[in-house]
Each structure stands twice: as C-alpha cells, then as structure tokens.
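Only one structure is covered here, and it is reproduced in the block below.
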Amino acid sequence: MKYSYYPGCSLESGAVEYDLSSREVLRLLGVELAEIPDWTCCGASAVEPVSRLLTLALPARNLALAEREAPDADMLVPCSACYLNHMRVERECEADRKLAARVNEALSAEGLSRSGTVRVRHLLDVLARDVGPERVGQAVVRRLEGLTVAPYYGCQVLRPYPLFDDPERPASMEPLLKALGVEVLDWDMGGRCCGASLMATKRAAALALVSAILDAASEADLIVTVCPMCQMNLEAYQKEAIRSGGRGRPVSVLYLPQLMGLALGLSEDDVLLGKNMAVTDALRGKLRAPAAATV
Amino acid sequence: MNERTEAVSLPAAATIAVDITALAEIQDMVRACMQCGTCSASCPNAPAMDRTPRSLWRMLLLGLVDEVLESRTFWLCSACYSCTLRCPRGLPLTEAMAALKRLAATDGRAADRKRGLFYEDFIRNVEKNGRVRETELMLHYFLDMRDPLLPLDYTPLGLKLLRKGKLRLGGSGQRGRLGPLFAKVREMEARP
Ligand code: SF4
Ligand code: SF4
C-alpha cells in the first residue's frame, strides 16, 4: 500500500503530534507514504471569500503534483479541512468540465495540469477500509485494556461527502478501536460539530457545543479525534467550556493515531504525548499501569 | 496600499455590479426551498442565531437584503454541513452561508469590510510563503477577527502553544512558489 501524503500546514505547526504519529503508525502497519514534494497551502477556508477560482486552484496544484509523482496512488490527508478542500476539486471538476479546464489553465502557469486520476482519501478512511481492523489487531503489541474511548469524528470528514461512513451516526472508528483492546463509549455526539472557527469569532456559541461534547464523553477516559481543528477546540478550550456551564469533568483528548501508536508499541514520547494540551493524570496512570502491557 | 489592492480586490467600480450578481447567485441556491425547516432543526448553532436558517432563506427570496445582511445568522454558521446533508431539496446551504459572508465582506459595512481585509492579508501571506505557519485555529481567528482588542482574549492560547513549541515563526521552503499561480488566477479573473 502506497499513498501520496499531504500533511497540510497545521500538521507542520499546531498538530505536529498528529503528523508524526500518523507517519509512524502507518509505517508500522506497512503503509508507505511519499510526501508530495513542494506541496503548498490548500487555502484553508480563507480563500473562498475572495476568489472562487483560487479556492480550487490551490488544492488542485497539490493534486497535480501528486499526479505527476505517482499517478496511480491515492492522496492521503489527515486534516479534515484540507481533505474537504481537495475533495471539492475532485467533485466539482468532475461535475463541470468547463471548470476543470479553467483550473487547468490556472495550473498551466507552473506547467502543471490535473487529469483527475488521483483520489483524495482521509487518513481515517485509509485506516478503516484499506488497512482494516484485522491488520491493526495483528500489529498490536500492547492491548490497551481498561480504557474507555469516545470516538469523535467531527464534521468535514463525512459531510458533505459521506464517502466511507454514515455522517449521522459514524462508526468507522469502532472496529479499529476495539482492535486496540479498548472499550468504545456508546454515545451519539461523534458527528456533532465542535464549533470550528466560531471558537474565535463567536466564542459563547462554540463553547456551548464543546461543553455538550465533553459532557457526553465524561464517562470515557479519553476522546480520540481525526482533525486538528476538532482536537484544538476540545483540548485547548476545555477548561473554559467546563467553567462556562458544562457539567463535564476534564477528559483527555488524543489523535487516533497517537492512541494506535501506543498499542502498536510506540512510547509516549514517540507519539509526542507531551504536545497534547489535555491529558489527565488518570490517563497517564492507566497507560503506565503494567496491566495495560499485555500481549 | 496599492500592493494590497492589487493582491485580491476587484476594482471599486465593479463592486456594486458584482454584489448584485452574487446576490442573485445566492438566491438561486435557495430558490427551491419549500420552507420545511429541516435546516433550522439540524443546525447546532440555531439557538445562538437571531434568525433561523429557514427564515433567512425566506427573507432572501423576498428580497429583504438589508435584513439578511444585518442578521448574525450566517456569521454563526460553523460549516458543519448538517443542513446541506439533510435538506430534502438538496440545496447547497453551507455554501449559501459562505456566500453570504462573502457578500457581507464586500458590502459597505465597516466592520465587515475589515473582515475582508483580513482575508486579503491571509491570502498575501499564502502567496508569499506557500505554507501557513500558524495553527489552523489561529489562522481562522485572524481571518475572522473584527475587534482589535480580541488578540488579548487570545493570548492564553498563544502562550499555551508557545510553551508546547507549537508556534513556528520561521519562513517556509515554499517561499514564492505560489507567485506564478496567483498571477495567473488574477489575470484570468480580470478578464471581462
Ligand atoms: S431544509 Fe431545505 S427545503 Fe427545508 S427549509 Fe431548509 S432549505 Fe428549505
Ligand atoms: S452548515 Fe452552518 S447553517 Fe448549516 S447546520 Fe451547520 S452551522 Fe448550521
């Protein structure tokens, strides 16, 4: 299994632990990644308000580079916002030939073009469907017994393009988590919005959403996420959310590949656990308990 | 000053005409709305909105443009796509919310225009550096910022990130990479 890899800007700064743990876990699972040389920003959600063409041309540039390097490989993207931006190029250009031609005209400025052979795939999609829970289970060297995990999916990984799971009640993480030996919390907040960038502009509204998610997860030892934005909202604003009226108690928030890495034999340092902003002492204790180190 | 204008803005004279076209485009997006209210019921931010999404579409189709642009509703959209996914008419509602932000940012309202400037700043940053160095959240924050006092509010997170060694302030190896693409897009969008 070989993929072109698009980390995206946030995995180079605020979400380095997501980048590193994804690379390590995929390596341990026998997945080969080739980082797209010279990739650039996909525009985040900032370009759409200014230029419609640039919104598509920026991610299309990365797709064209990926296509030039490895025309048959899927492009693996861990950040849900980057994923959606690239996916939109795929979908919109497929539906509108004229638009596709316009995008290619823009790319011609760099001698690039995109024919559409490269498929955009979210990290979770690759883990759940290409790698699969069986292979994950075989790679586990340390079953994480005694932990209850709340799988959190967020929005843009399944909406508006529900490619690999039910966007109303997502479940694709469950078999993967069970393969690690953990209990999966039965909750219905996995696909609920965390407020995304409202946390900056309309903080009260976003805090209400985060509080509700944390409240619902209070029976769990930790929440796992698959998006830097979700991770940031749930970990960095946790104290504020709880103070602002949530009944929840502090809960650890880890990226899915961080937790997988721990079960696959990586150390806390290997998965950069020190970079996380919400890791409770209780979780650290459980992770270090010898009981966790079976298999 | 000139650099900024050249970076992204349309010529001032074209603004009004573009706005009308943009408005018509948004109206087209929701033209088939049958007012069932599924979007409002699905929206996690509806409790904080002054108008429900459903009534916003109605006002839009009735041509109540000022009322629509004065509403806080579209600024409270967090792009969760729940409404888009569930609308029985299959309307692109999240896109319509984004288009309303775009419209408001080019509209005359001072606060909104400031917001537009930040988008321009961001884009210039991407054009220059190729990659963004700040965390995604910081980035969104600066984009959406309208209040000059807001950075103070944000300091605790900034410090947390700094302590974790998560704010990289250096340049990027992709410096200047996007120049030709931006120039081309600008040239294409300037065509009549
Ligand atoms: S869900 Fe669709 S049809 Fe129903 S009110 Fe909302 S926009 Fe109109
Ligand atoms: S996309 Fe926006 S308007 Fe639609 S449900 Fe989500 S927050 Fe509400």
Side-chain angles (χ1 to χ4, degrees), chain A residues 8-10 12-16 38-41 43-54 57-58 61 79 81 102 105-110 155-156 159-160 162 167-168 192-206 208-209 228-229 232-233 236-237 274-277, chain B residues 8 44-45 47-48 72 75-82 84-85 92 94 98 101-102 105 115-116 118-120 122-123 126 129-146 150 153-154 157 160-161 164-168 174 177-178 180-185 188-189:
Chain A
C9 302
S10 58
E12 283 203 322
S13 52
V16 274
D38 226 14
W39 62 266
T40 41
C41 175
S45 57
V47 179
E48 200 178 2
V50 180
S51 160
R52 173 103 179 99
L53 180 55
L54 201 54
L58 280 173
R61 179 184 183 276
C79 166
R102 248 171 94 72
E105 188 187 343
L107 293 180
S108 71
E110 282 193 65
C155 298
Q156 303 189 341
R159 290 192 297 261
E168 302 278 3
R192 187 65 90 80
C193 180
C194 71
S197 59
L198 284 188
M199 193 54 92
T201 53
K202 307 277 178 194
R203 178 130 347 144
L209 302 182
M229 177 72 90
M232 180 78 86
N233 276 1
Y237 294 95
K275 294 275 183 191
N276 294 55
M277 287 180 248
Chain B
V8 274
N45 296 306
R72 288 156 25 95
W75 294 121
L76 275 154
C77 169
S78 54
C80 76
Y81 290 92
S82 299
T84 300
L85 196 78
T94 312
K101 290 181 192 174
R102 189 158 57 214
R115 183 182 295 256
F118 270 99
Y119 287 120
E120 293 184 20
F122 169 77
I123 305 233
V126 170
N129 295 312
R131 288 178 196 171
V132 177
R133 283 297 176 203
E134 297 81 1
T135 69
E136 182 115 11
L137 190 68
M138 298 285 281
L139 183 155
H140 279 271
Y141 165 71
F142 286 121
L143 297 178
D144 293 340
M145 183 173 84
R146 285 187 294 172
L150 227 53
D153 204 26
Y154 210 74
L157 177 63
K160 254 189 235 176
L161 291 170
K164 294 279 184 185
K166 286 183 159 190
L167 287 185
R168 277 217 272 169
Q174 275 59 39
R177 280 288 189 281
L178 290 172
L181 182 64
F182 272 67
K184 181 73 185 176
V185 167
M188 286 173 72
E189 291 198 325

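Labels below follow one simple rule: chain letters A, B, ... track the order of the sequence lines, proteins then strands, and each chain is numbered from 1.
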Shortest non-hydrogen contact from [X] toward [Y]:
| X | Y | result |
| --- | --- | --- |
| L198(A) | C77(B) | CD2-O, 4.2 Å |
| F182(B) | L58(A) | CE1-CD2, 4.0 Å |
| A196(A) | S78(B) | CB-O, 3.8 Å |

Measure distances from [X] to the heavy atoms of chain A and classify the residue's part below 4.5 Å as side chain, backbone, both or neither.
| X | result |
| --- | --- |
| L85(B) | side chain |
| T94(B) | neither |
| A183(B) | neither |

Practice problem: Measure L53(A) against the heavy atoms of chain B and call it side chain, backbone, both or neither at under 4.5 Å. | Solution: both
Practice problem: Just give me the residue among C194(A), A205(A), A109(A), P160(A) that pairs up with chain B most often, heavy atom to heavy atom, under 4.5 Å. | Solution: P160(A)
Quiz item: If you tally heavy-atom pairs under 4.5 Å against chain B, which of E105(A), Q156(A), R61(A), E110(A) wins?
Solution: E105(A)
Taking atom [atom1] of [X] and atom [atom2] of [Y], what is their separation to the nearest 0.5 Å?
| X | Y | atom1 | atom2 | answer |
| --- | --- | --- | --- | --- |
| S108(A) | M188(B) | OG | CE | 7.5 Å |
| R159(A) | S82(B) | CZ | OG | 3.5 Å |
| R102(B) | R52(A) | CZ | CZ | 7.0 Å |
| N129(B) | C41(A) | CG | SG | 10.0 Å |
| R177(B) | D38(A) | CZ | CG | 4.0 Å |

Practice problem: Output the option from T84(B), L181(B), V126(B) having the highest count of non-hydrogen pairs under 4.5 Å with chain A. | Solution: L181(B)
